[in-house]
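Working notes, structure below.
Labels below follow one simple rule: chain letters A, B, ... track the order of the sequence lines, proteins then strands, and each chain is numbered from 1. Note that the structure is a prediction, hence the values are computed from the model and not measured.
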Amino acid sequence: MKQSEYFVPTLRETPADAQIPSHQLMLRSGMVRQLASGIFSFLPLGFRVLNKVINIIREEMNKIGGQEFLLPALNPIEIWEQTGRVESMGDVMFHIKNRDGLVLAPTHEEIITYHAKQHVKSYRDMPQIWYQIQTKFRNEPRPKSGVLRGRQFIMKDAYSMDTSWEGLDVSYNKHAEAYKAIFNRAGIKFFVVGASSGAMGGRQSQEFMVESDSGEDTCAISDSGYAANIEVAQSAISAVGRISDDLPLELFPTPTAKTIDDLVQQYGFSEERCAKSVVYIADGQPILLFMRGNDELNETKLQSILGTSNLRPALAHELIQYTGADHGSIGPINLKSNIRIIADNLLKDANGLISGANKDGYHYKNIDFTRDCSIPEYQDLRTVKAGEPDIVDGSPIRVVKAIELGHIFKLGTKYSEALGASFLDSESNEHPIIMGSYGIGVERVMACFIEQHCDTAGIIWENSLTPFHIHILGLNESKFPDVKNFAESLYSELIIAGYEVLYDDRNESPGIKFNDADLIGIPVQVIIGNKNLTQGYVEIKNRKTGDRKIIKTDEIMEEIKNLYSSIQ
RNA sequence: CGGGGUGUAGCGCAGUCCGGUUAGCGCACCUGCUUUGGGAGCAGGGGGCCGGGGGUUCGAAUCCCUCCACCCCGACCA
C-alpha cells in the first residue's frame with residue numbers, strides 16, 4: 001500500500017478526550033475515530049488490525065470444531081421475554097422505537113437456543129460449537145476508555161451444546177485452550193481467574209484478564225498461581241477464634257462511638273474483635289450480617305448465598321424497625337425482630353467480641369457467639385485484601401485491576417429450559433440441551449495489545465497483529481529519483497515475497513515520516529535515503545528496540561527476512 | 001442516575017470574571033519560492049451560526065434561562 005494514496009490521518013497532538021494510551025494511540029495513528037460516546041468508526045489501518053484479531057480468533061475457533069454463524073443484531077423481543085432477560089437487562093438493552101417488538105441484541109444466547117430448538121433434537125446431533133464474530137449493542141450507562149467499553153462493539157460469541165455435564169466440561173475446556181492460544185498468538189500477557197457466575201445462571205466460569213489500571217474488574221492473584229475475581233476470591237486468613245478469658249457479657253455506654261474506628265480509638269479494642277453489623281434487604285426481606293470489624297462485605301458473594309441479585313443496604317428507618325437501633329449500635333443481642341442472621345466464617349464460634357446492643361449509644365463486650373446469642377449460619381461474606389495469604393500455599397495476595405478480555409461460562413440449561421430446546425437420549429427420554437457460552441471482546445484484544453506494547457513514540461506491533469509487516473520510508477524522493485526507484489522496486493519485490501508492505505512515498509519531510517512510522521509502529525522499517533543509497537546502502541530499523549542497521553542494497557531482502565522473523 | 005469539568009476553524013488552545021473595533025494563537029490545509037536523515041523557512045491565502053434555542057442590552061463568545069453533546073469520578077455492568 002502506498003501511503004500517499006492511503007487514508008491514515010495521523011495526529012500530531014493527542015486529542016483531549018482520550019485518557020488512556022491505547023485510546024490516544026488508536027486516534028493518533030489514524031486507526032479509529034469516535035462518532036459518539038462509546039461508538040467508534042474503524043479507519044482502514046485500524047480495520048486491518050481488527051481483521052488480524054478476527055482471523056486469529058476464527059482460526060482457533062475452527063480448530064476446536066467451531067462452526068461460524070452470522071446472527072442478526074435485530075431481534076424479536078418475544079424471545080428475550082421468554083428467558084426473562086428483557087427485564088433483567090433493563091436499560092442495557094436497546095429497544096427499537098419505531099417498530100414495536102424489535103430490540104438490538106446485546107448477546108445471543110436466546111437466538112442460538114432458538115435455532116437449536118428447531119433442529120437439534122437428538123443426542124446424535126451433539127456436541128455442537130456454534131460461534132459468530134458480530135456487532136453487539138449495549139446501552140452502557142457510561143462508555144469509557146476508548147473502545148474498551150463501548151455501546152457498540154464486536155464480540156466473538158460462541159455457544160456449546162452437549163448432552164451431558166461431562167460433555168459440557170469437554171466443550172468448556174476446549175474453549176479454555178482456544179482462548180489461551182488466541183491471546184498468546186496475539187501477544188498479550190493475560191491471566192485466567194475464577195469468576196462469578198452471577199445472574200446468568202450456571203456452574204463454572206472463568207475470565208481471561210489483562211492487568212491494567214484502566215481495567216474495571218478487580219482480581220486477587222498471587223505467585224502460587226492463585227487468581228480469582230475479587231467477587232469470588234478467598235484467602236487463607238485465620239479466623240478470629242476464641243480467647244481464653246471467659247468474661248461475662250457486659251453492656252456499656254458508647255455515646256460517641258458510631259463506627260468500628262470509634263470503638264477502636266475510644267476504648268482500645270482490637271479491630272478484629274469488633275463484630276460489624278450490616279443490614280441488607282434482599283427480595284424485600286431483612287438480613288443481618290456480621291463481619292469482622294475491618295472487613296468489607298462482598299455483595300457478589302452475598303448474592304450467590306441468597307440466590308438473588310435484588311439486594312440493597314437497609315435504610316435508616318428499616319434499621320430501627322428491624323433491630324431497634326440506628327446504625328452504629330446494631331448487634332446480635334436483644335434484636336427487636338426475628339430476622340435472618342448470617343455471620344462471616346472468620347467470626348465462627350468466636351468470643352470476646354464487641355458489638356452493638358440494639359440500643360442507641362450502647363454496645364456489649366465479651367460477647368460469645370456460642371453463649372450469648374444464636375448465630376444459625378456462617379458464610380464467606382468478606383472481600384479479600386491485598387497481603388492476605390492465598391488458599392493455595394499461603395503466598396501473599398496481590399489485588400490488581402484488570403480488563404476482561406474473554407469469559408467462558410458453563411451455562412447449563414437455563415436457556416434451553418426457558419426456550420424449550422430439548423433432545424431425546426438413546427432411551428427416548430427428553431432432556432434440555434446443556435449449554436456453554438464463551439465471549440471475547442474483539443476491540444479489547446486490540447486495545448489491550450496496544451496498552452502492553454507502546455512507548456512514548458507510539459505503538460510497537462508484533463507480527464501477528466501489525467497492520468503491515470514492513471514499512472518502507474523513501475526520503476526526499478522528489479529530489480532523488482534513485483531513492484524513489486529503489487523504494488518502488490523494493491516495494492514490489494517484498495510484495496511478491498509475500499509481505500504486507502506500507503510504503504511511505506508521501507512528499508513529506510523525513511522527520512514527519514520517521515515520527516509517523518514510529519507512531520504507527522510497524523515492526524520493521526526500511527529507510528531509504530540518498531546518502532546511504534549512493535554508497536550502495538539502505539537502513540533497516542527495528543521499531544521495538546530502535547536498533548538500526550546499514551545494509552548493502554543487494555542484501556536487503558535477506559536482512560529484512562532475518563529481522564522480520566526475529567520479531568515473532 | 002448523583003458529583004465534577006469542557007464545548008471557540010480539522011487538532012490543541014487563548015479570549016468569557018469585568019459585554020464594546022473586523023474573534024485570536026500554534027499546528028494542519030491551499031499557492032509560490034527555498035529547503036530535506038527525527039514533526040523546515042519566507043511570502044501570500046482559505047476556513048468560525050464562538051454547541052443549540054430563548055432572553056437581557058444600543059450592543060453578547062462574554063450576563064441570565066433552558067436544552068444538547070463530550071470527558072472524568074461514582075452508581076451500574078449479561
Atom pair distance, as rounded to whole Å: OH in A:Tyr438 and P in B:A78: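 Value for this atom pair: 19 Å.
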
Collect all protein-nucleotide pairs involving nucleotides 67-74 of chain B in which both atoms are nitrogen or oxygen and the distance is under 3.5 Å.
residue: B:C70; atom: OP1; partner: A:Ser37; partner atom: N; Å: 2.9
residue: B:C70; atom: O3'; partner: A:Gln34; partner atom: NE2; Å: 3.3
residue: B:C70; atom: O2'; partner: A:Asp17; partner atom: OD2; Å: 2.9
residue: B:C71; atom: OP1; partner: A:Gln34; partner atom: NE2; Å: 3.2
residue: B:C71; atom: OP2; partner: A:Ser37; partner atom: OG; Å: 2.7
residue: B:C71; atom: O2'; partner: A:Gln19; partner atom: NE2; Å: 3.0
residue: B:C73; atom: OP2; partner: A:Arg142; partner atom: NH1; Å: 3.1
residue: B:C73; atom: OP2; partner: A:Arg142; partner atom: NH2; Å: 2.8

What one-letter contact string describes nucleotides 27-32 of chain B from 5' to 3', where B marks a base within less than 4.0 Å of any protein heavy atom, S marks contact via sugar-phosphate atoms alone, and - marks no contact? S-----

Taking only residues two or more places apart in sequence or in another chain, which ones pass side chain to side chain donor-acceptor pair (under 3.5 Å) with A:His407?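 Only A:Ser205, A:Glu404 meet the side chain to side chain donor-acceptor pair (under 3.5 Å) criterion with A:His407.
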
Considering only residues two or more places apart or on different chains, which pairs with a residue in residues 508-545 of chain A satisfy ring-ring contact (aromatic ring centres under 6.0 Å, His included)?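 Non-adjacent pairs meeting ring-ring contact (aromatic ring centres under 6.0 Å, His included): zero.
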
Closest-nucleotide ordering on RNA chain B, the 5'-leading residue of A:Arg28 and A:Glu140: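 Closest to the 5' end, via its nearest nucleotide, is A:Arg28.
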
Using heavy atoms to find the nearest nucleotide of RNA chain B for A:Val92 and A:Asn515 separately, return the residue whose nucleotide is more 5′.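 So the residue in question is A:Asn515.
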
For the base of B:G39, is there a side-chain donor-acceptor partner from A:Asp516 under 3.5 Å away?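 A donor-acceptor contact between them is present.
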
Using a heavy-atom cut-off of under 4.0 Å over every strand shown, decide if A:Thr14 touches base, sugar-phosphate, or nothing.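 Result for A:Thr14 = sugar-phosphate.
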
Which part of the nucleic acid does A:Lys136 contact within heavy-atom distance under 4.0 Å: base, sugar-phosphate only, or nothing?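 No contact at all - A:Lys136 keeps every heavy atom at 4.0 Å or more from the nucleic acid.
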
Counting side-chain heavy atoms from CB outward, which of B:G12, B:A78, B:G37 is closest to A:Met155?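 Within the option list, the nearest is B:A78.
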
Would you indicate which nucleotide in B:C77, B:G12, B:G37 comes nearest to any side-chain atom of A:Arg149?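 So the side chain of A:Arg149 is nearest to B:C77.
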
State whether a side-chain donor-acceptor pair under 3.5 Å links A:Gln128 with A:Tyr159.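 Result is no, nothing qualifies.
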
Are any protein N/O atoms closer than 3.5 Å to N/O atoms in nucleotides 41-45 of chain B? If there are, list each pair with its distance.
none

Taking the side chain as every heavy atom from C-beta outward, state whether A:Arg444 and A:Val210 have any atom pair closer than 4.5 Å.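 Counting from C-beta outward, A:Arg444 and A:Val210 never come under 4.5 Å.
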
For A:Ala487, all residues meeting side-chain contact (heavy atoms from CB on, under 4.5 Å), sequence neighbours excluded: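 Only A:Ile472, A:Glu477, A:Tyr503, A:Ile528 meet the side-chain contact (heavy atoms from CB on, under 4.5 Å) criterion with A:Ala487.
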
Intermediate values then yes/no, salt bridge (charged side-chain N to carboxylate O under 4.0 Å, His left out), A:Glu140 and A:Arg149: CA-CA 8 Å; A:Glu140 291 288 348; A:Arg149 183 176 183 183; 3.1 Å; yes

Pi-cation contact, A:Phe153 with A:Lys136 (under 6.0 Å, within 45°):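 No, a cation-pi geometry is absent between A:Lys136 and A:Phe153.
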
At under 4.0 Å, does any side-chain N or O of A:Thr107 touch on OP1 or OP2 of B:A78?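 False: A:Thr107 side-chain N/O out of range (4.0 Å or more) of B:A78 OP1/OP2.
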
Quick one: pull up CD1 in A:Ile154 and CZ in A:Phe42 and give me the separation to the nearest 0.5 Å.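 If I round to the nearest 0.5 Å, the distance is 6.5 Å.
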
